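Comments concern the structure below.
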Amino acid sequence: MIALKIAKRELTAAWRERLHGFRILMLCLIFGIASISAIGSLRGAIDAGLNSNGRVFLGGDAEIELTYRQANAQEVAWMTGQSLAQSQIIDFRSMAVAPATNKRLLTQIKAVDSAYPLVGAVTLSNDLSLPEAFAGRDGLPGAILAPALLQRLTINLGDQVQFGQKNFVVMATLLKEPDNFGNFALGPRSLVLTKDLEGSGLLAAGTLFSSKYRLLFEDGSQLGKAQQRFDKDWPGTGAKWKDARKASPGADRVIERMSRFLILIGLSGLVVGGIGVSAAVRAFVAKKTGHIAVLKTLGATPGQIFWIYTIQITVYTGLSVVLGLLLGALTPFAARPFLPGNLAEVALISIYPSALIEAAVYGCLAAAIFSIWPLAQTEHIRPANLFRGGATAQWPARRYLIVQGALLAAALFGAVQFSGSWSMTFWLLGGIALSLLILALISGAFQFALRRIMRGSAFQRRLPLRAAFSALASGSERTGSVVMGIGLGLTVLAAVGQIDGNLRRSITQSLPDKAPSFFFLDIQSTQLPEFNQRLAENPAVRNVETAPMLRGLVTRINDQPAAEIGGDHWVLRGDRGISYADGLPEKTKITAGQWWGAGYSGSPQISFAAEEAEEIGIGIGDQLTLNVLGRDITATITSLREVDFSTAGMGFVILLNEAALRGAPHSHIATVYAEASAEIPILDELNQAFPNVTGIQIREAAALVTGVVSSIASAASIGALATLITGFLILIGAAAAGTAQRAYESAILKTLGATQREILTSFALRSAMIGALAAGVALGAGLLGGWAVSHFVFENQFNIIWGNAALVILGGVGLTLITGMLFALGPLSKSAATELRHRD
Amino acid sequence: MDNKFAIDLQQVHLSLEGNAGPVDILHSIDLQVTQGSSCALVGPSGSGKSSLLMVMAGLEQATSGRVTVLQEDISAMSEAELAQFRRGRVGVVFQSFHLIPSMTALQNVATALELAGQPDPFDRARDKLTALGLAHRCDHFPKQMSGGEQQRVALARALAPNPKLVFADEPTGNLDVANGASIVDSLFTLTREQAETTLILVTHDIQLAQRCDRIIDLRDGKICESNGA
């Protein structure tokens, strides 16, 4: 068809010119598509790794986990009867002490049996096998420690380490623990044999530990049936089932959410890329105005013109998609050496078609959405434009708007399908759209304001300023595209920086003022009086709070499965800390219902945290069934309490009356508020007196959390940088496109007597003003976002993070100024006579 | 000669929107041009000559009045209908040539034939270029040719489909005397070779105007004088 023939001719000509005029369009698309496909490919690699190595990560075909207790004889018999092999692991927090240096550190102890590991292999730093390492030396059992533990305790292989009341010999360093993927722990790992913990005083009744039973089946593919048998035979035991089909649900969840978030950030880059596409297509159509008018003179219809140029844009888009996918698919291969240790081990780097398809779909839709409007403008180019100059910008015909609307809806639908979350997609893309709208409006308002300001006499005899203002006001600098292009990337950077900075400040600065110095766990009832007395006698201790502590799982709400009523709420996901109290605890505020009163011994009652109750959809009168130590307790909610978790202090979602739980084996926890300088001596004293008690220093835990938060912020910042780079491409495109105009302007100004310095100053001013405008709007949006998150989500005071603010402003102005100057030197150097003759 | 009108304008008025409001370009133009004749539009700059040419060629819609071209009323035609009407019927030669820079001479001419739906467009295009002495320039781009050569390519493009109407807007305006004369000779020769081809040209050159069957003098958007048939 004729449109195809003419399009082919123009494409051939463009190829001869090395795609001049389309490079920015293609780069914008390539970059956006590459980002999304790289993230998707990495996610695919991790998913594939998790799925194919499920048995290794789990340490067996299936795992049954019990909290606070070991399996009883009946349960052991079930497991023995159902599986070919079993292995028991007991996992708990404790203190590791170096007797030689008296240094002590929180550690996560994994006590294993001789069958461990059922699947996979543990890697040690030396040639010892696990049994050899556990055999120990000199009558002492062996322990295997994580490198961080050795380093911080300042001990070496062959030295002793104390757990509870028992000493072990450090026989090896733990290099690789295959069944530990995705598990978050506050302390580094220690590995011992369970039987060697006898006499340590750890694992006493009421100690907080979880026992995990790994099972190997004859037919590892029948896990679904095995789970069905478990569900039927283990009701009400509080046991949890996990199997190799989803070996690390926690890690899965984090990776899934993170990758969804990063892909949506990547989409913001593609949206900015779309602005670049739109600007490039507009410039392309403007350049082709003469061609279009001639073709129409020769008899080409508006529809044919539309298709001639749409075909060309489609070819460039196709090429960009291919190159973007290639780059994105290869990025995980190149990034493998830089992946964090855990992910590098898990990820099966390969080509993942679904990730590439997702990116291709996004790329094609973005190109279509952003190019349809300028392509539709070709309808308004009349042959008479050949005599009278360019067509005026008008709204496209309705059919194009309908198509654009349909494409936008398809893109939104696609984003929801691929991300799996309406709310995340809506908020993020809605935020992007709103940011772009604000940037566009402010850019327009800026140009309007400039036109007004220029009427003032202040501009007489100030040539650089007047020339800069008039260029910006006239729209020849493409202020709108540039401001939107770099503004969005700067906005995300500003928002992430302000939120991250405030969160970190809250954790590291304001939290220590409110948070306790320590959490102490596993205090036995018999130890509690002496524990309290020691602290009472210490002048550095400001306050001590204690509470009994058990762990339980909410299994049913009003006799319905809990998940059906409360969904995926965190309180219902896994076992929770539960406590009991007789009299109303100090500083407790009841917001609804009534406390049961001291001495109450009737049917079990619950006081539930008010905010969480509202989120789950339960309230006064509702009945909860809790499984505690394998026994079901059904209790009625009779009051709701205010619980403030932000202080990191004592706070239980579920409190029962004392009589309901007093008889259950349990330990106590304590929060201790002390002067910072006294923390280490307090820890030393209490650990020596009570070797089974674990002390968690909140300061250290906060540092760990800060690290995690920073990693997330870094990932988001990298995504924002990708958006900023795309915006930078738009900036380059606009600067390059304006070169001819600037050369002409320079020539005329030179003819009128302007110096090179005055002209260069004018160019610099306009670049700096655009950058300052974009950065100013971005910073405003970032501050607003940071305040909103601090106030509504974290309920903290918001402070401006000045470092980030300065970075945003300097970044915006710097980028535009440097780019503007680079593209100004060429036009400035041209001879006025040559330039004006060329125009004639 | 058949006295059928190639162009018939009745009370044609053209007004265009400018920055300062509407501007009247043509006022109540009544004009008939006999088929197969040649007609020169003369007048001072800004008199509306080019605008009148554009209205007659269907490149501009009259604000009011009736425009009949080759017995078809084009006054109310849409953009698409006008484009289709022009195919093969109307050829236009511009002062600035307006060749498509990304196409060779051959492709520029062939495009007009392809749009007109005529068979063997490239062969016919080559023949036309050869007839104008440009056989050796078929595969050259506009920027590789002189002004005279470019205008001859434009002439070939306008005449290749054998249109019934040929419009030329200052065809020699950007050419030197020698080239200009050559172009004009070719224009008249080729249009006369095609039976019943009507030629309308805009010119400042009185000698050129006098070669036409009729001279129409336009001033301030109105026909002041009309000599000849």
Side-chain angles (χ1 to χ4, degrees), chain A residues 1-22 284 287-309 312 376-389 391-392 394 397 399 474 838-840, chain B residues 14 16-19 25 49-51 53-55 57-61 78-104 106-117 121-122 141 154 157-158 160-161 163 167 169-170 174 202:
Chain A
M1 107 199 171
I2 179 69
L4 194 58
K5 287 184 193 174
I6 296 173
K8 195 178 152 197
R9 277 170 215 156
E10 299 218 2
L11 282 166
T12 311
W15 184 256
R16 269 195 305 271
E17 289 173 17
R18 291 191 281 257
L19 303 178
H20 179 69
F22 292 102
F284 171 57
K287 196 172 141 192
K288 296 285 185 177
T289 300
H291 300 199
I292 293 169
V294 168
L295 286 170
K296 284 193 175 181
T297 306
L298 297 176
T301 61
Q304 283 175 320
I305 299 291
F306 176 80
W307 282 111
I308 287 168
Y309 294 98
Q312 292 178 65
Q377 297 286 332
T378 57
E379 249 191 32
H380 301 300
I381 296 171
R382 300 285 156 88
N385 291 134
L386 288 170
F387 304 93
R388 290 209 191 87
T392 52
Q394 296 178 43
R399 61 184 179 281
S474 70
H838 171 70
R839 288 272 168 165
D840 280 342
Chain B
L14 178 68
L16 296 172
E17 277 299 321
N19 285 335
I25 308 292
K49 306 186 295 296
S50 294
S51 298
L53 182 139
M54 280 194 279
V55 168
L59 299 175
E60 185 83 76
Q61 291 275 44
S78 67
E79 193 67 35
E81 286 165 341
L82 283 169
Q84 280 168 341
F85 175 79
R86 282 194 296 274
R87 289 179 186 178
R89 291 192 183 91
V90 172
V92 184
V93 181
F94 299 98
Q95 179 177 353
S96 300
F97 328 137
H98 287 313
L99 297 178
I100 298 175
S102 55
M103 293 189 193
T104 62
L106 188 66
Q107 288 170 338
N108 263 284
V109 178
T111 299
L113 291 162
E114 285 170 322
L115 281 165
F122 280 86
F141 291 93
R157 184 180 65 186
F167 295 90
D169 185 14
E170 303 271 11
N174 281 355
V202 167

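Proteins get letters first, then strands, A, B, ... in listed order; numbering begins at 1 in each. None of the values given here were measured: they were computed from a predicted structure.
Take A:Y309 and apply the ring pair (Phe, Tyr, Trp, His ring centres under 6.0 Å) test, not counting sequence neighbours, and it matches A:F284.
We find the CD-CD distance between A:E10 and B:Q107 to be 10.0 Å, quoted to the nearest 0.5 Å. Of the inter-residue distances, the one linking B:L59 atom CG with A:T297 atom OG1 reads 5.0 Å to the nearest 0.5 angstrom. A:I6 CD1 to B:E114 CD: the interatomic distance, rounded to the nearest 0.5 Å, is 6.5 Å.
Contacts between B:F141 and chain A at a heavy-atom distance below 4.5 Å involve the side chain alone, from C-beta outward. Both the backbone and the side chain of B:P101 come within less than 4.5 Å of a heavy atom in chain A.
Between the side chain of B:R86 and the main chain of A:K296, a donor-acceptor pair closer than 3.5 Å is present.
Side-chain contact between B:I100 and A:L295 is present, with heavy atoms from C-beta onward closer than 4.5 Å.
Against chain B, the residues from residues 298-306 of chain A that qualify, each with a non-hydrogen atom under 4.5 angstrom away, are A:L298, A:G299, A:A300, A:T301, A:P302, A:Q304 in number order.
Among the candidates B:P163, B:A57, B:A80, the residue making the largest number of heavy-atom pairs closer than 4.5 Å to chain A is B:A80.
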